[in-house]
Amino acid sequence: MELTRRDATAALAALGATGGVALGVRRTTDERRGRPGDGEELPDDEAVRTAMTAVAETMYPDAVSGIDSFVGAFLDGRLDGSPHGEGIRAAVAEVESAARSWDDAPVADLSPADRDELLRELGADVAEENPDGTTAERVRYYVVNELLLALYSSPTGGELVGIENPQGHPGGAESYQRGPP
Amino acid sequence: MSGAESVGDERSAADADADEAIDRTPVADADVCVVGAGPAGALVADRLAGDRDVVILDAGPRFDPEDRLARQERAIRPSYGRPDVWGMGGARDAHETAGDRTYPLNHARVKGVGGSTLHWQGMVMRLHEEDFNSGSERGVGPDWPIDYDDLRPYYAEAERELGVSGASDNPYAPPREEPHPMPPFEPSYSDSLFAEACESLGIDMHSVPNARNSEPYDDRSPCVGYGTCQPVCPSGAKYDATVHVERAEAAGATVIDRAPVEQLEHDGDDRVTAAVYATPDGERHRQEADAFVVAAGGVETPRLLLLSASDRYPDGLANGSGHVGEFFMDHLFVGAGGTLDEPTRQNHVGFYTSACDQFYDEADESQAPFKLEFFNYAGPSPVEMALTGDDWGDALAERLRDGYGNHVAMGGLVEQLPDAESRVTLADDRTDDRGNPVPRIEWTVGDRALDTIERANEIQVSILEELGADVEWVAGPDATGPAYHHMGTTRMSDDPDRGVVDADCRTHDLDNCWIASSSVFPTSGAMNPTLTIAALALRVGDDVAEWLADGS
């Protein structure tokens, strides 16, 4: 099932192109800016897209195609200089830092198995999302759940699991009346 | 993330700078001061603003409409609790609960321009005729000093003001004089499944009125199916009171946000003279006016009256009866649900489209009125499921497919009787961010309501079993909770010894002070209260206008 630019637009329509839940992250991102530190600079937009696309290939089911353009278009809206966008950038930097430390390669160059392992080693699988929490909790919030939210609030993502008008997507007031396809 | 952090984090430095530029000083020569910018206060203000100088004070902020998608994301993400969506919590909203049942107050209200209609579900039924005469018709509780016929034209007007989608297919509804302003939402697919089961059991289903646009109305969008009605509608299809606040402002009213009223001052002639309110800069101001309308909901309204105690009124303002804060009521939730072996198409929208009022008027001394609802949002939402758990990729997709799709559920509301021991008082030694005693809630529920929950459960389970469902949960007497409808704490009565306000919702003790709120309900019925709040508010608006026209 192919993700399209329309899906990305739909996800942005659901989640907002600016700020995400920025109401709650303004203070913390300022504090976190540069946290990956040790002289490392935060990744630019292109590097964030590359890393997030690589992570999405692990997050999304095999049946999904078009991940590259979907994630790119979604991040076009989210990486807008808002505190939430900068939170994504900082969390990606932490994922990249771990990849280079543990696997000597950027996350996009890792095999699918190694990428999966990296995220689990970071603790992002068992962590509860928290924009102000530990590394694992921030990666869960800004990377893992960011990507899962984008997919499963889009029509194609919803269809994958049986609902073409998922919560958060303004898919009209007709689908609830229809029986199963 | 706690609500307290959320409230603080919502305000950036830019917001603070903007705050400094906002004039929150009192309005000179105001005719009417309205305390609270929820639906009641908004409708009263809109009613009066064209002809009178009106000031609305609200404890909470004016929310930016541009933030609604961000608030929706908060509603979906597991990191945020329900109070975080609209910034509830922290010292401003501190409270105490006591008694048998915990009351989750900050889940149950929103402070700010629009009030709790910002997070409500938007169901708008009229009370039944017998609800106004519970004592004489059912043998329990007081009668209201007004009848359904007194409120009937105001109900019709309230439906037009809020924008209600509905049909006249409910044989159990009270008489109405005209169709709803908009056609109803069509029944859901799962309604059609329920319909077969109900038909074979002889149980009637009918449409349900929604304060949600089924077509463009009042320059607002029709519903576009975001599915997060409660707690936030990003499209504006669901009515909220910002509609009437903005209309009142356009007609000349002044809105002062982040201005909690701490006290109502009075003179020696039983008149309120000023509302004393605080502002974010730490200052306190006095808003004088000829007339005052307290519209701060079923908890903050009695709290403000109690906080306004003086030498002349040592037990609190308008409390000659001693009943301010007593008879706190909510509706009891009753529900049951399970799964079928076929798809049920849930969670496309966040409201329900069919209900059953068939058993409502069976109410008597031992059985409370209750209504039944057929949910369109049973079981988990896949996107919310996706954000928790330790799986991703194919395993996650498989879990979502397994977890979503076959759920069905019914809900309902049950009346609780007024009980003086169920009440809102002031906490003895806990204060809010401005040093005022916080509300203390003692919520008790009597046997009539608990027995009725069992009766409603029996019907719900019988319908689900007829449907072929595997019944997996029942919210019975032990698992029930409040529907977040705060009622009864400044009850209406013709007798000054038995009530706080008269039949016009004016306080018995003070000539120029009205209360527009569900706090005036002597009994609660089992219908969602907001349409009745709106109808009463419009009526209060007329009474205040008449009083002012008569030269105060």
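Here is the naming used below: chain letters follow the sequence lines, and residue numbers restart at 1 for every chain. Bear in mind that the values here come from a model prediction, so they are computed numbers and not experimental data.
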Peer 1: Measuring only between side-chain heavy atoms, which start at C-beta, is Asn347(B) closer than 4.5 Å to Tyr176(A)?
Peer 2: no
Peer 1: Are the side chain of Arg178(A) and the backbone N or O of Ser188(B) linked by a donor-acceptor pair below 3.5 Å?
Peer 2: no
Peer 1: Select one option (side chain, backbone, both, neither) describing which atoms of Leu151(A) are under 4.5 Å from chain B's heavy atoms.
Peer 2: neither
Peer 1: Give, as side chain, backbone, both or neither, the part of Pro234(B) having an atom under 4.5 angstrom from any heavy atom of chain A.
Peer 2: neither
Peer 1: Could you check Arg345(B) against Glu164(A) for salt bridge (charged side-chain N to carboxylate O under 4.0 Å, His left out), going step by step and ending with a plain yes or no?
Peer 2: CA-CA 10 Å; Arg345(B) 306 278 291 166; Glu164(A) 71 274 25; 2.7 Å; yes
Peer 1: For the residue pair Tyr404(B) and Val161(A), establish whether any side-chain heavy-atom pair is separated by less than 4.5 Å.
Peer 2: no
Peer 1: Within the side chain of Arg401(B), is there an N or O that forms a donor-acceptor pair under 3.5 Å with the backbone of Leu160(A)?
Peer 2: yes
Peer 1: When rounded to the nearest 0.5 angstrom, what is the spacing between CD1 in Ile163(A) and CG in Leu400(B)?
Peer 2: 11.0 Å
Peer 1: Side-chain contact test, heavy atoms from C-beta onward, threshold under 4.5 Å: evaluate it for Tyr226(B) versus Pro170(A) and give yes or no.
Peer 2: yes
Peer 1: Can you say whether Gln346(B) sits under 4.5 Å from chain A via the side chain, the backbone, both, or neither, judging by heavy atoms?
Peer 2: backbone
Peer 1: Can you tell which part of Glu128(A) gets under 4.5 Å to a heavy atom of chain B, answering side chain, backbone, both or neither?
Peer 2: neither
Peer 1: Quick check on Gln72(B) against chain A: is it the side chain, the backbone, both or neither that has a heavy atom closer than 4.5 Å?
Peer 2: side chain
Peer 1: Does Glu215(B), at its CD atom, have more than 12 non-hydrogen atoms belonging to other residues, nucleotides or ligands within less than 6.0 Å?
Peer 2: yes
Peer 1: Using a cut-off of under 4.5 Å for heavy-atom pairs, which of Pro180(A), Gly162(A), Ala173(A) has the most such pairs with chain B?
Peer 2: Pro180(A)
Peer 1: Both conditions, 6.0 Å and 45 degrees, for the charged tip of Arg77(B) above the ring of Tyr141(A): are they met here?
Peer 2: yes
Peer 1: Counting only non-hydrogen atoms closer than 4.5 Å, does Phe185(B) touch chain A with its backbone (N, CA, C, O), its side chain (CB onward), both, or neither?
Peer 2: both
Peer 1: Counting C-beta onward and ignoring hydrogens, is there a side-chain heavy-atom pair between His348(B) and His169(A) closer than 4.5 Å?
Peer 2: no
Peer 1: Distance-only, no hydrogens or angles: does the Glu129(A) side chain make a donor-acceptor pair with backbone N or O of Ser79(B) under 3.5 Å?
Peer 2: yes
Peer 1: Evaluate whether atom CD of Glu342(B) has more than 12 neighbouring non-hydrogen atoms of other residues, nucleotides or ligands under 6.0 angstrom away.
Peer 2: yes
Peer 1: In terms of heavy-atom proximity below 4.5 Å to chain A, should Leu387(B) be classed as side chain, backbone, both, or neither?
Peer 2: both
Peer 1: Considering only heavy atoms, which portion of Pro112(A) lies under 4.5 Å from any heavy atom of chain B: side chain, backbone, both, or neither?
Peer 2: neither
Peer 1: Heavy-atom pairs under 4.5 Å with chain A - which of Ala397(B), Gly350(B), Ser192(B) has more of them than the others?
Peer 2: Ala397(B)
Peer 1: Quick check on Val144(A) against chain B: is it the side chain, the backbone, both or neither that has a heavy atom closer than 4.5 Å?
Peer 2: side chain
